[in-house]
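Note that these values count all heavy atoms, side chains included, but never hydrogens, waters or copies made by symmetry. Within every chain, numbering begins at 1; the chains are lettered A, B, ... in the order of the sequence lines, protein sequences first and strands thereafter.
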Protein chains: 2
Amino acid sequence: MLINQLAKECQIPIGTIRFYEKSGLITGSRKADVTTNNYIYYDEESIDKIRFIQMAKAVGFTLAEIKEVIDAWYLRSISKAAQLDVLDKKLVQIDEKIAELKAMKQQIAICKQNIIERD
Amino acid sequence: MLINQLAKECQIPIGTIRFYEKSGLITGSRKADVTTNNYIYYDEESIDKIRFIQMAKAVGFTLAEIKEVIDAWYLRSISKAAQLDVLDKKLVQIDEKIAELKAMKQQIAICKQNIIERD
DNA sequence: TTAAACTATATAGTATACTGTATACTTTTA
DNA sequence: TAAAAGTATACAGTATACTATATAGTTTAA
């Protein structure tokens, strides 16, 4: 699929896709049998990656942190142990974020009570 | 307490505190009985606010979003209904983020399995 | 077949959230 | 009491993550 369709599929601007590709987060490829242009084609993997990026960004991970995970995910050049290490560390961070969100819920619930109870 | 102590209390650079104050997230005050300088004093409320800011930032909220909550929290000039509205919307967003984090955990767990199982 | 739409590359500009520097004054400490 | 440390203000600079613009070539549709 070409960049335009990938953008529609993921509901994300084309410029952002180009930016992610330049940042090494996703990778499209030229088709050997197409010689008249140098259009870049993307596959399902790119969709998966972009969806993951969106999710991770929404919970406060930076693109640098996200790239670490994506590399552990897809780069077979990295050793098994190193891959698992990155993923385990990310799981810890995720649990920390869940804990923080739960703490925020608590705080906001108490704040709501204060507002309701005051005259 | 002066800015230096607030910074130590919250483990945050003085410059960041000044930036937060200029952004309207926290508010210190001069002391009427101190006439030789114009030092700004901060109270426990500033600590609470900065701790909240740190937590909210860690899970991807912007300072603008955080300011909304802090205003709903502390500004009595806003109507009760409006305050509760802001807080309820934030609770929804928090639940969405928790859901995204849980989905990420799932994905990473599956990825780990794939890495472990492949030879 | 030509105008509209799509693609690539390069470069500049923007928004958010700081971070650093310069200047000037005040307080603390050796 | 003088040097070191702390404080305020203003403004410039930086990092991250886009977003826009210009240019040039390619493909598609009327």
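At whole-Å resolution of the value, CG in B:L2 and P in C:dT26 are 15 Å apart. The CG atom of A:L6 sits 11 Å away from the P atom of C:dT7 (whole-angstrom rounding). Separating the CD atom of B:E21 from the P atom of D:dA10 is a distance of 13 Å, rounded to the nearest angstrom. When rounded to the nearest whole Å, the span between CD1 of B:I17 and C1' of D:dT7 equals 12 Å. As a whole-Å value, the separation of A:I14 CD1 from C:dC6 P is 8 Å. In this structure, the CG atom of B:N4 is 12 Å from the P atom of D:dA5, given to the nearest Å. Remark: P of C:dC6 and OH of A:Y42 are 16 Å apart, rounded to the nearest angstrom. Separating the CE atom of B:M1 from the C1' atom of D:dG6 is a distance of 16 Å, rounded to the nearest angstrom.
Applying the side chain to side chain donor-acceptor pair (under 3.5 Å) definition to pairs two or more places apart or across chains, those involving residues 85-114 of chain A are A:E68-A:K90, A:D85-A:K89, A:D88-B:K112, A:D95-B:K105, A:K105-B:D95, A:K112-B:D88.
Judged purely by atom type and a 3.5 angstrom limit, A:K49 has no side-chain atom pairing as donor or acceptor with the backbone of A:T27. Side-chain atoms of B:K80 come within 3.5 Å of backbone N or O of A:I116 as a donor-acceptor pair. Under a 3.5 Å cut-off, the side chain of A:Q5 and the backbone N or O of A:L2 do not form any donor-acceptor pair.
A residue-by-residue look at A:Y41 and B:V34 shows that A:Y41 has its nearest nucleotide of DNA chain C further toward the 5' end.
Other residues, nucleotides and ligands contribute over 12 non-hydrogen atoms within 6.0 Å of the CZ atom of B:R118.
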Using a 4.0 Å heavy-atom cut-off, write out nucleotides 16-26 of chain D from 5' to 3' as B (base contacted by protein), S (sugar-phosphate only) or - (no contact). -BBB-----BB

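With 3.5 Å as the limit, one finds a donor-acceptor pair spanning the side chains of B:Y42 and B:E21.
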